[in-house]
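A short write-up of the structure that comes next.
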Amino acid sequence: HPNLTLTGGTFTCVPVSVWLMLSSDQPLFSAVSNGSVVKNVPGDSLLVIQPGTYTVLATAQNGCTASKSITTSLDVVPPTVNATGGVITCNEPTVTLSGFVSPGSTFVWSGPGIVQPDSLNTEVSVPGVYTLIATDPDNGCTSQATAAVTVDTSLPVITFPSSVTLTCLEPSAVIGV
């Protein structure tokens, strides 16, 4: 019986396939992995594109067979990401974009007024939609959140009394704002 070794890996967001490495102490005539026949496999590898349990049945040149199974795991959890924008006003011409990403994640801001894209809390003075993208370096999964920056430059409302009467005795009047 051939002595088989079968090793595998974990499916992640990047890459989306896993190599199963097969080795034997003697030349193999063929191997079957989940129904697919692979010829001339000594020291070879099998590319799988879905997580699950894979069984390799190998046949040596002398007709003896051996099998090994391996279960590939799945790690496609994206990082958590939150983003908050704000309002630019006449009194506050800049807004601090506030971001949160899962610990250990890499991140970058993008948008029309980004000056410091690698700072979780960064100031902007241009209205628009800003995007915070986070990447988990272990599995390559990404997620994003958006933050809106708007402008409020509405002018104060001025009201006048409906009528003011000026006379020779009162030639002026005070109008309040």
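The minimum heavy-atom distance between Pro93 and Ser125, with the atom names listed, is O-CB, 3.5 Å. Pairing each heavy atom of Val76 with each of Phe11, the nearest pair is CG1-O, 4.3 Å. Nearest heavy atom pair, residue Pro171 against residue Cys168, reads CD-O, 3.9 Å. Residue Thr80 comes nearest to Ser102 through the heavy atom pair N-OG, 2.6 Å, listed as atom of the first residue, atom of the second, then distance. Here the closest heavy-atom approach between residue Val14 and residue Thr12 is recorded as O-OG1, 2.9 Å.
In this structure, Leu97 CG and Glu123 CD are separated by 9.5 Å, a value rounded to the nearest 0.5 Å. The OG1 atom of Thr131 sits 5.5 Å away from atom CD of Gln144, with the distance rounded to the nearest 0.5 Å. In this structure, the separation between CG on Asp152 and SG on Cys90 is 8.0 Å, given to the nearest 0.5 Å. For the atom pair Phe107 CZ and Ser119 OG, the distance stands at 6.5 Å (nearest 0.5 Å). Once rounded to the nearest 0.5 Å, the distance linking CG of Asp75 with CG of Asn139 reads 4.5 Å. To the nearest 0.5 Å, atom CG of residue Leu120 and atom CG of residue Leu132 are 6.5 Å apart.
At a threshold of 4.5 Å between side-chain heavy atoms, the hydrophobic network of Ile, Leu, Val, Met, Phe, Trp and Tyr places Val81 and Val149 in one connected group. With hydrophobic clusters built from ILVMFWY side chains whose heavy atoms lie under 4.5 angstrom apart, Val87 does not share a cluster with Val124. Both Val126 and Trp109 belong to a common hydrophobic cluster when Ile, Leu, Val, Met, Phe, Trp and Tyr are linked at side-chain heavy-atom distances under 4.5 angstrom.
Panel note: side chain Ser143, backbone Pro79; a donor-acceptor pair is recorded below 3.5 Å. In terms of modelled atom types and a separation under 3.5 Å, the side chain of Thr72 and the main chain of Gly9 share no donor-acceptor contact. With Tyr130 contributing its side chain and Thr84 its backbone, the two residues share no donor-acceptor pair below 3.5 Å.
Of the residues Val95, Thr150, Ile88, the one that meets the side-chain contact (heavy atoms from CB on, under 4.5 Å) test with Pro127 is Ile88.
Side chain to side chain, Thr89 and Asn91 fail the donor-acceptor criterion of an N or O pair below 3.5 Å.
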Begin with the C-alpha distance, continue with both residues' side-chain angles, and end with the deciding distance and a verdict on side chain to side chain donor-acceptor pair (under 3.5 Å) for Thr10 and Ser73.
-> CA-CA 5 Å; Thr10 299; Ser73 58; 2.9 Å; yes
